[in-house]
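Sequence lines set the chain letters: A, B, ... in the order given, protein chains first and strands last, and positions in each chain run from 1. Just so we're clear, the structure is a prediction, and the values are computed from it rather than from any experiment.
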Amino acid sequence: MMRILAFCCERGPGEAIDLAGEKRMRYPADLTLIQVPCAGRVDVAHLLKAFREGADAVVLVGCLEGNCHHIYGNIEGRKKVDRAKQILDEVGLGGQRLEMFHVASNQPFRIAELAAEMASRVERLGPNPLAVKE
Amino acid sequence: MIIGEQKRLEEISGMLDGHRGILIAGCRSCVAICLAGGEKEVAVMAESLRLISSLRGKGWEIEEAMVERQCEKEWVAELRPRIEGKDCVLSLACGVGAQTVQAMYPRVRVLPGLNTSNMGAPEESGIFVEKCGGCGDCVLHLTGGICPIARCAKSLLNGPCGGSQGGKCEVSPDTPCAWEEIYHSLESLGRLDLLEEPIPPKSWLPARDGGPRRIVRKEAVLTEEQKRLKGGKA
Amino acid sequence: MSARSGLERTLLGGKFAVTAEIGPPKSASAESVRRHAHEMKGSADAFNLTDNQTAMSRMSSIACAAVLIQEGLEPVVQMTCRDRNRIAMQSDILGASALGVRNVLCISGDHQTFGNMKEAKNVYDVDSVQELMILRKMRDEGRLWSGDELETAPELFLGAAANPFADPFEFRVTRLAKKVKAGADFIQTQSIYDMDRFERWMALVRARGLHEKVHILAGVMPLKSHKVALYMKNKVAGMMVPDTVVERLKSAKDAKEEGIRLCVEQIEHLRTIEGVKGVHIMAMAWEEKVPEIVKRAGLRP
Amino acid sequence: MSDGGIGVFICSWGSGKDPKLDMDGLLSFASGIEGVALVKMIDRICSKPGQKEMIAAIKGSGTDRFVVVACSARTKRKLYRHIATSSGLHPLAFEVASVREQAAFVHEGPEAQRKAETLVRMAVEKVRLWVEPPFEEEMPALRNVAVLGDGLMAMAVANEIMAQGLTVDLVMSGGSPKGSPPYIFSNQDEMDRALRSMAEASSDPRMTTIKNASVLDFQGPPGDFGLVLDVAGEMVPLRCGAVVLAPEPRMELRTIDGSPAPSAQELIARGLRRIVILPSGASSGIGCSCMTPRGTLYALSLVDAAPGIEVSLMGREARAMDWMEGLQRLAQEKGIRFFRIDGEPKVEGHAPTVITWRDPLLGDMRLQADLLLLDTVLTPEVQSLAKAFDVPVDEKGELLSIDSRLRPGETVRKGVFAARFRVGNMLYEDMALEAGSVAARALEMLSMGTLEVGGAVAEVDQEKCSACLGCLRVCPYSAPMIGQAGKAEVRMELCQGCGACVALCPSRAIDIYCFSDSQIVAQSRAALGKVR
């Protein structure tokens, strides 16, 4: 069973998640969503800790660039993802397991898309070696 | 403020090889401000090293601790319970902090997590620029408040050199030419006359070259008598 | 292995080597250097030329070496790390080599605050151990430190200093080992007065077998008076002068003669110590006495 | 932490249809979680009986926080806040597990059930660490708006606000507005009405007009701003609930040396017969390089008063639209000539001034004028306004609103709104529409009479703060400031709870209520099944 953790901004992506539910747009149950006030709320430590807790892939979902209710929260989020990716590469886990997606409130299909994208990456990269060790 | 930058993870994990009980010690003053060694960075470093340890079977036991100011003995003393049982401390403070910890805990190996860079200031959020070289003999009054020793690649005192172009130093397009800025500063201060007279060779005695410096403010030093009366070192 | 210099040939031949020191003048004329050369010719296998000793500007060591070569003597160029960075160091070595210099003594050099221009900025881009590594790479690999190839590699007989009288005593042997690892071929020690400490040091050196890996020349310096002895004892860091020596000079009628006699005695004793391959006579500002000392110590016919 | 224990309320309708979640299974799963004191299945929580039942259960159990396991919280959040307060709890003391939208509707059978359990677990772990925010109450909002601007736009905004029964303080930087509005009116009486409303403004009891005023200081939370105005040297305090900035460029006919355009009588007296009117800065983007009604009306007034006068109007385009077109036809009938020019004409000499330019059809043209009048643009002072209210200005020097489509008029500073003059669109009716929409944004904020402050906002732990100014720099709302203690403080009323400062703070000195670091970590661990 794959474990993909998503930190989602509750505004744009939050609406898209509910809409995806409304429209019965299925996506793999491996994706579990945590709602945060804005993509800029998540910091590097949260992203890294998720991998240590056994996540095979982590996703930060923010609003479309220029559409952030909090002006540039999504850009702050992207900066944290870039830093975390660099660390994951250095550590040897591979930055590929972490990604940022931009989803607007009227794009429920994107949830399934990002879940599929990350699932294919986990297939390619294999499960999180830390989780296997347990 | 003192500006530092983290060493690469690869180098740090190399230093930690053979160690087991590791305490990462951050500092709340300068290095927190330049986002190198504050509590947030200590947490990120800890997470990264725990990942490395689990992935490569290093068996490190990593703990995190914060010091208000790691260059002060009293605050470093508060680390004692956290250092008990550890065989090394990875200091994320500047070089001063790391050395203070090593001096107070001689049997625990202290590893530098940062490369202390310079005395400078934030240019904007996230960008820190060298401003002072600590040469011990300030010349700012001659150069319109811009230090050529720290900010000119050749520390020229009668610059700019032939390589100054477009306001940039020949060394790198990102580095503004200190002497171009000095010229404009003196121009706006109406003191271009200061550039007429050649500045004679500088005495480097008060700088690092004269040997490690030690500054004493006598009125703040407890006399031997006072120390005796107070019992033990102040 | 063919000898790269006369000094090396002597040492390889097993003969007890002698080196002396000539202080370059504070002058633009080589006149005094030539004079010293004539006086001391034949009294030593090679002659050290100090490099701005005690951080006081004097004629450059390489220039004096060139003069000695013209006069038929073999120079030992001393090169400190205080006044030149790795770039100047390597270019000076190429120049010296081109002028015929074969022996180089790599030393860190006195701090500029000992000299007469205390305000000068120092360099210390590299230290004496790193200097050895750089020079050895030029000689053995024919490459600059940067890796660039040299058309012609310099032939060098690399020397380093050692000071058994500085602290921490135990570490001094390890530091010597480090210099050997870095490429030192021969060693000239600090001037010896405390013979016991030197012998204890030599014992540790032999224990690590270093005396077979490097030619050790024991340093001696004749003292003109007990005042000079006291100055050495108190003002020069890393120098040990036992009170007996000071006393002996003080009570002697002719202090200078006593100084020479002491120096000769030391040399004769040093010849008996296993691992000592020669002496290095540092008669600074007393160069003219070197032939006499050498003769009285039976080092030269 | 929770001392009274956590309540978990499962709404039967949250199960969804196909596949149907086993809500009883969820019930027993929830009751097994450590710290959960009360588990209850309720039939349709959102129904009246359902709510009553839930409130009674909470009151009866002494739990101080709860989890709702039901459909999406999107539409129900206000309802759950109401349930919380009616049960004597803090309005934010709950968490929602949207098991229907995030499990039943999107996953297959057993996977859906396992996801639902995970979601419940995450919600419980998060609410367990819930800490009551400093205060979450209503702040009174003054029903008075300060409108800053000298022209018609400010007037239009003021009218709209007064129409909703609020009072307005019209703060004008000058005395009476100089020059005339840059707009194109669709007809004469619209212009007259607009100009008349300016004149009568002072008579309306609901509006006080303050002239020659500049803003010295701006403090206080949205809903209760405190301004200090410098009115001709005198310090005048002003309190208002919201601020609307409406800077507006003005147009004025001037001679080359800057003096206002002379009247017909003066022209006759000075024997100036050939008059040419040229838009100043014809090529610059700011000034309107087209013939504006002012020029045409002025030319008509001259010709009517002194038939001998010969007037020519020049401009890049005529913008002939309904009323304007009529005016131009009338002017042409009266002998006023219109020249179309492209780019900057050459102007030399004085009395007569010779104007030469290249006409695309007629080739090189030359015109002599006894008097050249320039239709100049008086750009408003936007920089100082932006600086006083700490709102950003875009590259063209105009006030920047957060999102011109979704939230027109809102600036980065909550409670400060900006009505923007559109250079491209000079129609008066469009301007009035824009002014109306901006006024509506301000009214929406003040209409409830109270403003919610606090709740999920950031707070600084003064012990840990290194005063590195990071939060001040990253916060889009400039909510943090450096307090007396020399450490950072977050102004509760300005904080919108985005958390950017928390993510950046190097000393982990800031945390945010309802989305604290520990809560996020607890949720991640629960989501990854690390919590047994």
Per-pair distances, 0.1 Å, donor-acceptor, side chain in residues 70-77 of chain D, under 3.5 Å, sequence neighbours excluded:
from, atom 1, to, atom 2, distance (Å)
D:S72, OG, A:D18, OD2, 3.2
D:S72, OG, D:R74, N, 2.8
D:R74, NE, A:D18, OD2, 3.1
D:R74, NH2, A:D18, OD2, 3.3

Per-residue tally against chain A (heavy atom, under 4.5 Å) across D:I512, D:D517, D:V502, D:V412 peaks at D:D517
Tell me, side chain or backbone of D:C505 under 4.5 Å from chain A's heavy atoms, or both, or neither? neither
Contact class of A:A112 relative to chain D, heavy atoms under 4.5 angstrom: neither
When only heavy atoms count and the cut-off is under 4.5 Å, which of residues 27-39 of chain A reach chain D? A:Y27, A:P28, A:A29, A:L31, A:T32, A:L33, A:I34, A:Q35, A:V36, A:P37, A:C38
Nearest non-hydrogen partners of D:A503 and A:V42, listed with the distance: CB-O, 3.8 Å
Can you check whether anything in residues 69-107 of chain A gets within less than 4.5 Å of chain D, heavy-atom wise, and list it by number? A:H69, A:H70, A:I71, A:Y72, A:E76, A:K80
Count the heavy-atom pairs under 4.5 Å between each of A:A45, A:A55, A:C68 and chain D, then report the option with the highest count. A:A55
Is there a donor-acceptor contact under 3.5 Å from the side chain of A:R41 to the main chain of D:C501? no
Measuring from D:S524:OG to A:K49:NZ, what's the distance to the nearest 0.5 Å? 9.0 Å
Inter-chain contacts: residues 4-14 of chain A against chain D, heavy atoms under 4.5 Å: A:L5, A:F7, A:E10, A:G14
State, with a plain yes or no, whether a side-chain heavy atom of A:H46 is found less than 4.5 Å away from one of D:V521. yes
Atom CZ of A:R24 and atom CD of D:E101: how far apart are they, to the nearest 0.5 Å? 8.0 Å
